[in-house]
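Residue numbers start from 1 in every chain, and the chains themselves are labelled A, B, ... in the order their sequence lines are given, proteins ahead of strands. Only heavy atoms go into these numbers, but all of them, side chains included; no hydrogens, no water, no symmetry mates.
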There are 2 protein chains.
Amino acid sequence: MARFKGQAEYSVDAKGRTAIPAKMRSALSPDAQNTFTLTKGFEPCIYAYPQDQWKIKEEEYGSLNTNSRDARHLVRMILMWAEEVSLDGQGRISLPKSLSEYASIGDKVLIIGAMDRIELWDPEQFANYLQDHKEDQETLVERVMGS
Amino acid sequence: MARFKGQAEYSVDAKGRTAIPAKMRSALSPDAQNTFTLTKGFEPCIYAYPQDQWKIKEEEYGSLNTNSRDARHLVRMILMWAEEVSLDGQGRISLPKSLSEYASIGDKVLIIGAMDRIELWDPEQFANYLQDHKEDQETLVERVMGS
DNA sequence: GAGAATGTGGGGAAAAGTGGGGAGATCGCC
DNA sequence: GGCGATCTCCCCACTTTTCCCCACATTCTC
């Protein structure tokens, strides 16, 4: 499985394209075929899953019972935001309008590696997010991982 | 199996035709022969199943017990709205009047990929639907998929 | 410091989306 | 049964968007 880490601030050009850091590109498994599926994050950002990783998620959604109202709603809410994008010859992807609007992304993106996915943030939104979650890291570690 | 995802707002022309997004068209299996079966959604929208997928649904309905009053009624309700349509040379389908009336579709449609089917919504109806179901997504995921 | 790799910008061909005309089939009416 | 109106398809034409390729500046590496 790809393990993304690190952060970088890149620009988004007039055509809505942004480069993926070379380090993250080289962390991609060949199975991903240089393709990501972008989707709406729980936070105000875009999640980018490499194709191989996304396939696993998709299987899960596909196995839900479509006769259940909740399941239909969930699938709708998640898949309507999902878009498949591939790297161009320059290692860039283009961001769908619906998603960059959701994440308030303008002409700059903050790209963050988060294990099995990459997150794309508007730098300002990310600063806000940090502001709202400035709990001491040590306390957090204890709360989440302290057995 | 075809795996539809993403959303797009398209127009419906004076003849009641609407294009199917190229991305969804290319997700069609050859077995579907560029043909969909449209039917009434459980929500106020039109479901479009690719032909191969619809065949499976039909099997399901066919295997229901015809001695049950409920089952007979269910089959009747579902099949009476089903209508087969094919893509024209431009990748469009034409929407039967009965269905577009049911879904209140005017000159714009919101097309949503939902796994094995495509959903056609009137944009306004969809906004209402969201309004009525704005449960937090994280909670929903937990409820439906939480182990 | 030279060469390679990385990030950024833009032009142009190809594809996608939209609208409309016209031939053929279907239906109703005279 | 004949005729006209309506509807359905198929085809053509135009506009917009997307994608692919080329080019350049900057950074990194050796």
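When rounded to the nearest whole Å, the span between CD1 of B:I93 and P of D:dC10 equals 15 Å. When the C1' atom of D:dT17 is taken as reference, atom NZ of A:K97 falls 9 Å away, rounded to whole Å. Counting to the nearest Å, the P atom of D:dT17 and the CD atom of B:E9 are 14 Å from each other. Rounded to an integer number of Å, the gap from CG of A:D13 to P of D:dC20 is 15 Å. The distance from atom CZ of A:R92 to atom P of C:dG9 is 9 Å, rounded to the nearest whole Å. Nucleotide C:dT6 holds its P atom 14 Å from the CG atom of A:D88, rounded to whole Å. For the pair A:K108 NZ and C:dT8 C1', the computed distance is 10 Å after rounding to whole Å. In this structure, CG of B:L95 is placed 15 Å from C1' of C:dT18, rounded to the nearest angstrom.
A donor-acceptor contact shorter than 3.5 Å links the side chain of A:H133 to the backbone of A:Y129. Judged by distance alone, the side chain of A:R25 and the main-chain N or O of A:I20 form a donor-acceptor pair under 3.5 Å.
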Please tabulate, one pair per line, each protein N/O and nucleotide N/O from nucleotides 25-30 of chain D that are separated by under 3.5 Å, including the distance.
none

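Sorted by residue number, the members of residues 14-32 of chain A with any non-hydrogen atom under 4.0 Å from DNA chain D read A:K15, A:R17.
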Indicate every side-chain donor-acceptor pair of residues 107-122 of chain B with a distance under 3.5 Å to a residue at least two apart or in another chain.
from   : atom 1 : to     : atom 2 : distance (Å)
B:R117 : NE     : B:E119 : OE2    : 3.0
B:R117 : NH2    : B:E119 : OE2    : 2.8
B:E119 : OE1    : A:R76  : NE     : 2.7
B:E119 : OE1    : B:W121 : NE1    : 3.0
B:E119 : OE2    : A:R76  : NE     : 3.3
B:E119 : OE2    : A:R76  : NH2    : 3.0
B:D122 : OD2    : B:E124 : N      : 3.3
B:D122 : OD2    : B:Q125 : N      : 3.2

Side-chain donor/acceptor pairs under 3.5 Å, residues 96-104 of chain A, sequence neighbours excluded:
from   : atom 1 : to    : atom 2 : distance (Å)
A:S100 : OG     : A:P96 : O      : 3.3
A:S100 : OG     : A:K97 : O      : 3.3
A:Y102 : OH     : A:G41 : O      : 3.0
A:Y102 : OH     : A:E43 : O      : 3.2

Please list every donor-acceptor pair under 3.5 Å in which a side-chain atom of residues 85-94 of chain A meets a protein atom from a residue at least two apart or in another chain.
from  : atom 1 : to    : atom 2 : distance (Å)
A:S86 : OG     : A:T35 : OG1    : 3.0
A:D88 : OD1    : A:Q90 : N      : 2.8
A:D88 : OD1    : A:G91 : N      : 3.1
A:D88 : OD1    : A:R92 : N      : 3.0
A:D88 : OD2    : A:R92 : NE     : 3.1
A:D88 : OD2    : A:R92 : NH2    : 3.4

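Within the 4.5 Å cutoff, the side chain of B:C45 has no heavy atoms near those of the B:F126 side chain.
Side-chain nitrogen and oxygen atoms of A:S11 include at least one within less than 4.0 Å of the OP1 or OP2 phosphate oxygen of C:dG9.
Under a hydrophobic-cluster definition in which Ile, Leu, Val, Met, Phe, Trp and Tyr are linked whenever side-chain heavy atoms come within less than 4.5 Å, directly or via other members, A:L95 and A:M24 are assigned to the same cluster.
A salt bridge is absent between B:K5 and A:E83: the closest approach of a Lys/Arg side-chain nitrogen to an acidic carboxylate oxygen does not fall below 4.0 angstrom.
Side-chain proximity of B:S94 to the nucleotides D:dA23, D:dC11, D:dC9 is greatest for D:dC9.
Other members of the cluster containing B:I78 are B:F42, B:Y47, B:Y49, B:W54, B:Y61, B:L64, B:L74, B:V75, B:L79, with ILVMFWY side chains joined at under 4.5 Å, either directly or via other members.
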